[in-house]
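Written out below as structure tokens is the structure these notes cover.
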Amino acid sequence: MTRCAIYCRYSTDMQKESSLIDQEREAREYAERHGWTVVGVYADAAMSGGSFNRPDFERMKADANANAFDVVLSESIDRLSRNLVVTAGLYEELHFLGIKLFTIHQGEINQMLVAMMGMVAEQYVSDLRDKVKRGQRGRVLKGKAAGGVGYGYIVGEPGERTIDPEQALIVHRIFNMFADGVSPRTIAKMLNDEGIPGVKGNVWKDTTIRGQRDRGTGLLNNDAYVGRLVYGRT
């Protein structure tokens with residue numbers, strides 16, 4: 001019996017959970033045609049193919065080391081990774097363990113295919129990055145935000161932002177307390193003690209408030225609060 005592990009992934013909010021379902025269905029059908037038994041499914045939702053830290057990707061590698069399967073199957077090379085180093089590393093790890101790597105689109109993967117497809121996937125990421133930067137610059141030149149503008153704002157259509165009334169009161173309060181000599185650490189503690197959610201619902205930390213002046217991070221250094229949009233600082 002050939003034991004098969006399936007790996008699925010999609011990268012952005014433009015795709016949905018149904019993408020994982022579709023990928024798994026196609027992979028199961030492929031495995032069935034080859035007489036393989038699916039013993040595990042690993043899926044990373046809304047995770048970049050260039051990321052080194054994908055929970056189920058790492059879990060799959062750990063299970064490979066535990067001899068949990070004989071074959072890894074994915075829809076395509078770029079589902080596994082869009083980073084040539086990561087793809088090549090996975091292939092070498094699996095090859096060393098005696099585990100074969102297959103994709104629905106390319107069949108069994110060898111070293112030459114890893115190099116070729118990995119380079120194509122990496123070039124795609126590079127081109128996409130350039131297009132994203134170009135779009136961001138275009139929004140900034142129109143007086144819009146390039147991306148997120150921080151706590152106290154609601155981001156709608158690309159570059160459009162409105163003030164969140166409830167969070168705006170907290171922003172005013174933080175600035176007033178700091179102006180009165182209260183330290184960022186004390187401010188963070190007070191907000192946490194009152195149960196006020198921080199940025200993205202996280203707890204408040206002194207670094208969230210003070211940030212780094214040279215990088216323009218933290219509430220106290222955010223130029224958006226004085227009506228300036230800054231792009232490309234880092």
Side-chain angles (χ1 to χ4, degrees), residues 1-133 147-148 200-203 234:
M1 178 187 76
T2 300
R3 301 166 300 163
C4 174
I6 294 172
Y7 180 76
C8 311
R9 179 188 66 80
Y10 73 88
S11 58
T12 70
D13 292 337
M14 293 174 66
Q15 294 174 298
K16 299 179 180 179
E17 290 287 342
S18 59
S19 175
L20 299 181
I21 297 172
D22 293 340
Q23 290 176 51
E24 181 182 341
R25 183 191 64 248
E26 296 293 320
R28 284 186 178 277
E29 290 176 357
Y30 185 97
E32 185 177 351
R33 289 196 299 271
H34 286 73
W36 302 339
T37 300
V38 176
V39 295
V41 177
Y42 305 83
D44 287 307
M47 299 289 291
S48 167
S51 172
F52 287 82
N53 299 307
R54 286 173 276 151
D56 259 26
F57 186 76
E58 294 302 316
R59 187 168 66 89
M60 179 183 70
K61 292 198 296 181
D63 287 349
N65 277 284
N67 190 34
F69 42 78
D70 309 301
V71 169
V72 169
L73 174 63
S74 190
E75 181 181 54
S76 58
I77 282 283
D78 56 12
R79 292 296 184 188
L80 292 162
S81 178
R82 288 190 181 276
N83 184 299
L84 180 56
V85 173
V86 174
T87 306
L90 175 66
Y91 173 80
E92 292 297 332
E93 285 182 48
L94 295 178
H95 184 70
F96 176 78
L97 295 167
I99 299 172
K100 293 184 177 181
L101 180 60
F102 280 77
T103 69
I104 296 172
H105 293 166
Q106 287 90 25
E108 185 172 359
I109 302 301
N110 56 35
Q111 201 163 24
M112 183 178 292
L113 271 174
V114 167
M116 291 173 57
M117 300 305 296
M119 289 174 66
V120 170
E122 208 166 67
Q123 185 61 49
Y124 170 84
V125 172
S126 178
D127 291 345
L128 182 61
R129 186 185 302 118
D130 291 341
K131 290 175 182 177
V132 169
K133 287 182 178 179
K200 295 182 179 179
N202 296 321
V203 297
T234 55

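Within the 4.5 Å cutoff, no side-chain heavy atoms of Y42 are placed close to those of V72. Residues I6 and E75 have side chains not in contact (no heavy-atom distance under 4.5 Å, counting atoms from C-beta outward). Y10 is listed as a side-chain neighbour of L20, based on a closest heavy-atom distance under 4.5 Å. Counting heavy atoms from C-beta on, the side chains of T2 and H34 never come closer than 4.5 Å. Using a 4.5 Å cut-off on side-chain heavy atoms (C-beta onward), I99 and D70 make no contact. Side-chain contact check for S19 versus R79: some heavy-atom pair is nearer than 4.5 Å.
If you check the side chains of D44 and Y7, you find a donor sitting under 3.5 Å from an acceptor.
By the 4.0 Å N-to-carboxylate-O rule, R28 lies too far from E32 to be salt-bridged with it.
Residues L94 and A64 approach most closely at CD2-CB, 4.0 Å, considering heavy atoms. Taking both residues in full, the closest heavy atoms of R9 and R54 are given as CD-NH1, 3.5 Å, listed atom of the first, atom of the second, then distance. Between M47 and P55, the shortest heavy-atom contact is CE-CD, 3.8 Å. Shown here for H105 and S76, the closest heavy-atom pair between the two residues is ND1-CB, 3.7 Å. Contact between L73 and I104 at its shortest, heavy atoms only, is CD1-N, 4.0 Å.
Rounding to the nearest 0.5 Å gives a distance of 9.5 Å between SG of C4 and OH of Y30. Atoms CG and CD, on L90 and E93 in that order, are 6.5 Å from each other to the nearest 0.5 Å. In this structure, NZ in K61 is found 11.5 Å from CG in L97, a value given to the nearest 0.5 Å.
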Might you work through the side chain to side chain contact (heavy atoms under 4.5 Å, CB included) test for T37 and R3, ending with a clear yes or no?
-> CA-CA 5 Å; T37 300; R3 301 166 300 163; 5.6 Å; no
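When ring centroids are compared, W36 and F69 stay outside the 6.0 Å threshold.
A side chain to side chain contact (heavy atoms under 4.5 Å, CB included) with T87 holds for exactly one of I109, L101, D78, I77; it is I77.
Taking the six-membered ring where tryptophan is involved, the planes of Y91 and H95 are essentially parallel, since the angle between them stays under 30° and well short of 60°.
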